[in-house]
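Notes follow once the structure below has been shown.
The structure presented is a predicted model; accordingly, all values stated were derived computationally and were not measured. We name chains A, B, ... by the order of the sequence lines, and we start the count at 1 in each one.
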Number of protein chains: 2
Amino acid sequence: MIEAHLMRLKARHAIGADEVAAIRASIGEIRDYPARRILVEPGEELSFSTLVLKGLISRYKDLSEGQRQVTQVHVPGDFADLHSFTLKRLDHSIMTLTPCKVALVPHAKLTEITERFPHLTRVYWFSTNLDAAIHREWEVSLGRRTAISRCAHILAELRFRLEIVGMADKRSYDLPISQIDLSECLGLTAVHVNRSLRKLREDGIATFRTGRVEIQDLAALEEVGEFDPAYLYPTAVPI
Amino acid sequence: MIEAHLMRLKARHAIGADEVAAIRASIGEIRDYPARRILVEPGEELSFSTLVLKGLISRYKDLSEGQRQVTQVHVPGDFADLHSFTLKRLDHSIMTLTPCKVALVPHAKLTEITERFPHLTRVYWFSTNLDAAIHREWEVSLGRRTAISRCAHILAELRFRLEIVGMADKRSYDLPISQIDLSECLGLTAVHVNRSLRKLREDGIATFRTGRVEIQDLAALEEVGEFDPAYLYPTAVPI
DNA sequence: CGCAACTTTGACTTTACTCAAGACGAGTGG
DNA sequence: CCACTCGTCTTGAGTAAAGTCAAAGTTGCG
């Protein structure tokens with residue numbers, strides 16, 4: 001059930017048997033949600049964090065003019081809001097992008113982990129710091145990369161993150177979201193994303209169609225997106 | 001010496017006398033740096049975190065074409081890289097923007113805090129999650145706000161953050177950085193930042209000149225920047 | 001004083017946005 | 001089985017925002 005989550009943690013740190021047991025003991029209710037279900041509204045007080053078991057979840061902020069900026073996309077194995085453990089009230093919304101299965105982890109259990117498992121605490125702290133590293137890379141995309149480069153970058157990033165949990169390989173992966181969703185991640189209009197994706201397709205680099213990404217030339221994709229996976233910490237230092 | 005830091009923590013959480021003592025005990029070497037000194041290069045292994053006592057520090061990433069995106073600016077009282085405690089190697093650079101005084105906090109001391117002070121651990125964890133909240137707000141600026149709105153937003157954000165540590169009021173504050181630095185935060189060219197600042201000045205909202213921000217109309221500044229301080233968690237929930 | 005870095009402004013270019021219309025595709029009901 | 005619908009995708013034409021290039025003005029500092 002939480003294998004993807006353990007996979008994600010173990011990809012970076014040595015997790016002891018007692019820690020795995022503590023993680024399993026922290027899992028509460030399992031829930032299924034349809035696509036586009038809002039899970040968290042800004043400001044509401046939370047008493048649990050949501051672990052993604054299946055599906056894709058986005059965090060986003062809406063502006064006055066109806067514009068939306070997605071600040072992060074979560075894949076299976078990720079916590080969608082481990083940061084809510086310390087923040088309690090979030091500054092953004094959380095929504096499913098696809099049908100999802102999630103596990104609720106009560107904050108009380110996380111508090112217990114901070115009291116009894118300092119190393120696991122540091123591993124979970126690392127996890128929120130990794131989220132922040134992804135935010136930083138997105139800031140770079142939004143601030144400095146061209147539309148085509150942003151598109152290539154996100155396709156490369158999601159491929160890499162999904163590969164860690166065994167849901168992507170070098171050639172393709174499922175990404176059952178719309179170009180509109182993608183445009184909200186990239187700070188572009190859907191029309192412009194469409195044109196940029198066409199360019200990637202015409203250049204023989206990658207194709208995004210009917211919920212699936214087919215990569216013809218991964219090296220080119222990562223080069224166009226200036227994608228360097230270092231910020232995803234594929235190999236972490238023991239803590 | 002670390003009063004601004006304690007001020008920043010106490011603005012959000014109750015910090016016990018034993019915790020204050022643990023914080024003071026964690027402070028190592030004090031260092032002074034000139035402006036524009038690079039403190040951390042991407043990938044180098046760190047054994048301490050840097051606490052800002054005086055001055056401004058930026059975190060940034062450089063792209064191949066010589067473009068730079070600043071991902072965060074730190075004010076006195078902030079850790080510039082508390083996240084390096086768990087990440088060890090950073091995905092970005094850290095540089096002083098102005099002459100700075102900093103305190104080095106060995107990671108070993110932070111590890112000790114995670115072993116002996118679970119509540120203080122959660123407070124520091126909160127602190128890195130607050131950094132991530134700022135990253136998210138910057139993603140929104142970079143992705144969706146116009147140039148003028150971005151300029152107004154950052155001036156409002158820095159005012160608010162500096163006020164928390166007693167270095168700004170409603171009317172003005174020192175910001176001894178160049179328009180070039182600002183443009184690297186905002187994902188704009190320096191020329192365009194210059195034009196946007198002129199617009200803010202001509203509209204009687206705010207003036208940024210010779211290292212100082214003078215605010216004629218704070219309400220208008222925050223409205224143009226769509227600035228809502230909720231993401232800075234001025235009032236946090238106990239953890 | 002004189003240099004260097006930064007600021008300011010103008011003229012022009014590029015990138016991305018807006019608006020609009022037609023095509024496509026999955027799911028629905030007759 | 002087919003027409004219909006809704007949301008999404010695609011493309012074209014025109015517009016707006018921000019970038020580029022260049023030059024002059026300003027400021028701080030040695």
Could you give the side-chain donor-acceptor pairs of residues 146-154 of chain A under 3.5 Å, partners two or more places apart or in another chain?
residue   : atom : partner   : partner atom : Å
Thr146(A) : OG1  : Ser149(A) : N            : 3.3
Ser149(A) : OG   : Val224(A) : O            : 2.9
Arg150(A) : NE   : Ser141(A) : O            : 3.2
Arg150(A) : NE   : Arg145(A) : O            : 2.9
Arg150(A) : NH1  : Leu186(A) : O            : 2.7
Arg150(A) : NH2  : Arg145(A) : O            : 3.3
His153(A) : NE2  : Glu137(A) : OE2          : 3.1
His153(A) : NE2  : Arg145(A) : NH2          : 3.3

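- Looking at residues two or more places apart in sequence or on another chain, you find a salt bridge (Lys or Arg N to Asp or Glu O under 4.0 Å) between Asp181(A) and Arg36(A).
- Summary for the helix from dC1(C)-dG30(D) to dG30(C)-dC1(D): the axes at its two ends, each from 5 pairs, differ by 30° when rounded to the nearest 10 degrees.
- The neighbour count for Arg171(A) CZ, taken as heavy atoms of other residues, nucleotides or ligands under 6.0 Å away, does not exceed 12.
- Spacing between atom CG of Leu186(A) and atom P of dC17(C) amounts to 10 Å, rounded to whole angstrom units.
- Toward the 5' end of DNA chain D, the nearer of the two residues Gly187(B) and Thr210(B), judged by each one's closest nucleotide, is Gly187(B).
- Straight-line distance from the CD atom of Gln67(A) to the C1' atom of dA16(C): 13 Å, rounded to whole Å.
- Judged as a ring-ring contact (aromatic ring centres under 6.0 Å, His included), the pairs with a partner in residues 157-209 of chain B (not counting sequence neighbours) are, in order, Phe160(B)-Phe227(B).
- Thr207(B) pairs by the side chain to side chain donor-acceptor pair (under 3.5 Å) definition with Gln216(B), not counting sequence neighbours.
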For this session: Could you run through nucleotides 6-12 of chain C and give me one letter per nucleotide, 5' to 3': B if any protein heavy atom sits under 4.0 Å from the base, S if only the sugar-phosphate is that close, - if neither?
Result: SSBBBB-

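- dT18(C) atom P lies 12 Å from atom NE2 of His192(A), rounded to whole Å.
- Partners of Arg31(A) under the side chain to side chain donor-acceptor pair (under 3.5 Å) rule, at least two apart in sequence or in another chain, are Glu29(A), Tyr33(A).
- With sequence neighbours left out, Ser49(B) forms a side chain to side chain donor-acceptor pair (under 3.5 Å) with Ser84(B), His107(B).
- Residues satisfying the ring pair (Phe, Tyr, Trp, His ring centres under 6.0 Å) test with His92(A), not counting sequence neighbours, are His83(A).
- With sequence neighbours excluded, no residue forms a ring pair (Phe, Tyr, Trp, His ring centres under 6.0 Å) with His74(A).
- Applying the side chain to side chain donor-acceptor pair (under 3.5 Å) test to Ser127(A) and every residue at least two apart in sequence or in another chain returns Arg8(A).
- Protein chain A contacts DNA chain D from dT8(D) to dA13(D), reading 5' to 3' and using non-hydrogen atoms of the protein with a distance under 4.0 Å.
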